[in-house]
Amino acid sequence: MNGHTIDWNHAWKQAKGELARIDNREFWNKRAPSFSSHVRETDYEKHFLRMMPVDPSWSVLDVGCAAGTLAIPLAKSVRSVTALDLSPVMIDLLRQRCTESAITNITPLVGRWEDDWDSLGIGEYDVAIASRSLVMDDLAEGIAKLNRAARRMVCISALVGDGPFDRRLYDAVGRPLKMGPDYIYVYNYLYQMGIYADVGFIGTTEWKNYESPAEALEKMLWMLDGITPEEERRLKEYLDAQLVRHDGGWRLPEPKVVRWAFIRWEKEA
């Protein structure tokens with residue numbers, strides 16, 4: 001069997017791994033405040049926007065917008081942004097940020113990949129983007145929706161390897177990390193469908209700082225769903241041994257390198 005005969009959408013469904021549990025409204029409602037704070041500490045959005053062509057006359061659909069990681073800076077460069085996210089808490093945070101920054105050209109919407117986009121009022125836009133949000137069950141349906149929504153171009157980013165999950169923590173507690181499908185599934189599916197996409201890579205080196213070892217433990221638990229008391233004990237022992245003092249706080253001695261694939265294709269005239 002070669003890449004031409006593999007059903008890449010079926011392979012995506014079979015390999016969901018950790019991605020299956022983060023396609024969940026409750027998960028993101030709970031993580032929204034800390035996630036929104038964390039993304040402001042990285043330069044991911046600058047890399048994405050440098051790789052994405054923009055025009056002041058364009059309208060943009062941002063699927064999986066979170067609290068406006070891309071929607072907020074994009075709103076300053078394009079005519080309008082429709083920002084869709086499955087988490088009402090994320091959308092509330094986005095509305096607050098729009099109010100604080102006097103941004104009036106973002107339309108926030110609560111919705112999922114699996115929803116009927118017509119009933120949500122999602123129409124056509126010059127560009128459709130999906131940044132770090134490819135957690136749908138059906139890759140083919142998601143790509144089809146993005147394609148229908150975009151008149152000119154689609155820009156997405158997808159996991160490379162472990163993405164934001166830290167394998168060191170899984171090793172410390174003795175649990176295998178099964179991340180699920182990364183960007184190569186997406187690229188191969190697109191190729192199979194006759195879409196010849198451009199691919200680049202975004203890499204960020206992330207130092208996460210914590211006020212105390214207890215805060216470090218608390219903020220890392222999101223990665224380990226259903227953690228047992230024994231696993232939590234092992235994680236605490238690992239952190240006690242590894243955390244080092246830095247600038248009045250604590251951090252691991254080595255940063256986490258997170259990579260994303262930026263995948264872009266233009267719609268044929």
Side-chain angles (χ1 to χ4, degrees), residues 1-24 27-28 35 38-39 42-53 60-66 69-70 84-86 112-114 127-147 149-150 153-167 170 176-206 223 255-267:
M1 182 177 290
N2 58 41
H4 295 282
T5 58
I6 294 172
D7 181 341
W8 286 100
N9 189 47
H10 179 72
W12 171 276
K13 293 176 181 178
Q14 294 295 109
K16 279 297 287 296
E18 291 290 338
L19 294 183
R21 73 176 176 87
I22 65 175
D23 180 17
N24 180 287
F27 175 87
W28 287 109
F35 180 82
H38 166 66
V39 296
T42 74
D43 56 0
Y44 164 85
E45 76 283 354
K46 295 177 183 176
H47 291 294
F48 189 104
L49 294 174
R50 275 199 294 265
M51 301 170 83
M52 172 187 168
V60 176
L61 172 66
D62 181 1
V63 182
C65 63
T69 307
L70 294 175
L84 179 71
D85 200 274
L86 62 82
R112 298 168 52 92
W113 284 102
E114 294 78 13
V127 181
I129 68 175
S131 166
R132 304 186 294 194
S133 61
L134 300 183
V135 295
M136 70 287 277
D137 288 330
D138 192 319
L139 178 64
E141 181 184 7
I143 294 298
K145 285 182 172 181
L146 288 173
N147 244 352
M153 183 188 309
V154 179
C155 300
I156 62 179
S157 62
L159 283 170
V160 177
D162 296 341
F165 284 75
D166 196 329
R167 188 170 291 272
Y170 283 76
L177 173 56
K178 299 177 181 178
M179 264 313 302
D182 74 351
Y183 83 98
I184 204 65
Y185 288 72
V186 182
Y187 182 81
N188 283 334
Y189 173 76
L190 292 171
Y191 178 80
Q192 208 165 52
M193 299 305 294
I195 298 173
Y196 305 110
D198 296 321
V199 182
F201 293 92
I202 298 171
T204 59
T205 301
E206 298 184 359
M223 289 188 222
K256 173 74 172 72
V257 178
V258 180
R259 294 183 177 87
W260 300 90
F262 178 91
I263 303 174
R264 175 175 68 90
W265 65 96
E266 296 183 11
K267 299 292 293 291

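Heavy-atom basis, side chains included; hydrogens, waters and symmetry copies ignored. For clarity, every value in this text was computed on a predicted model and none was experimentally measured.
A side-chain hydrogen bond (donor to acceptor under 3.5 Å, both in side chains) with D162 is found for one member of K256, R167, R259 and no other, namely R167. Considering L190, V127, I195, L146 in turn, L146 is the only one that fulfils the side-chain contact (heavy atoms from CB on, under 4.5 Å) rule with V154.
For the pair T204 (side chain) and Y44 (backbone), a donor-acceptor distance under 3.5 Å is absent. Panel note: side chain Q192, backbone I6; a donor-acceptor pair is recorded below 3.5 Å.
To the nearest 0.5 angstrom, S157 atom OG is 10.0 Å from M51 atom CE. Taking SG of C65 as the reference point, atom CG of L84 lies at 6.5 Å (rounded to 0.5 Å). Going from atom NE2 of H10 over to atom CG of L139 covers 13.5 Å, rounded to the nearest 0.5 Å. We find the CG-CG distance between N9 and D137 to be 10.0 Å, quoted to the nearest 0.5 Å. The line from OG of S133 to CG of D62 is 7.5 Å long, rounded to the nearest 0.5 Å. Between atom CG of residue L49 and atom CD1 of residue I129 there is a gap of 7.5 Å, rounded to the nearest 0.5 Å.
Under a 4.0 Å N-O distance rule, the pair D138/K13 qualifies as a salt bridge.
Across K267 and N147, no two heavy atoms sit closer than the pair NZ-O, 2.5 Å. R112 approaches L86 most closely through the heavy-atom pair CG-CB, 3.7 Å. For the residue pair P181 and A15, the shortest heavy atom distance occurs at CD-O, 2.6 Å. Y189 and A140 get closest at one heavy-atom pair: OH-CB, 3.2 Å. For the residue pair A197 and I263, the shortest heavy atom distance occurs at CB-CG2, 3.6 Å. The two residues P164 and M223 make their nearest non-hydrogen contact at O-CE, 4.1 Å.
Using a 4.5 Å heavy-atom threshold, the side chains of E45 and S131 count as separate. Between L159 and W260 there is a side-chain heavy-atom pair separated by less than 4.5 Å. Counting only heavy atoms from C-beta outward, the side chains of I156 and W265 approach each other to under 4.5 Å. Put simply, the side chain of K145 does not reach to within 4.5 Å of the side chain of V63, judged on heavy atoms. When side chains are defined from C-beta on, M52 does not count as touching R264, because their heavy atoms never get closer than 4.5 Å. Side-chain atoms of Y183 and F201, non-hydrogen and from C-beta on, do get closer than 4.5 Å to each other.
Taking the ring-ring contact (aromatic ring centres under 6.0 Å, His included) definition, one finds that Y187 meets it with nothing, sequence neighbours left out. For F262, the ring-ring contact (aromatic ring centres under 6.0 Å, His included) partners at least two apart in sequence or on another chain are F48.
Ring-plane geometry between Y170 and F165 is classed as tilted, the angle between the planes lying from 30 to 60 degrees on a 0 to 90 degree scale.
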* Begin with the C-alpha distance, continue with both residues' side-chain angles, and end with the deciding distance and a verdict on side-chain contact (heavy atoms from CB on, under 4.5 Å) for W12 and L134. => CA-CA 11 Å; W12 171 276; L134 300 183; 4.1 Å; yes
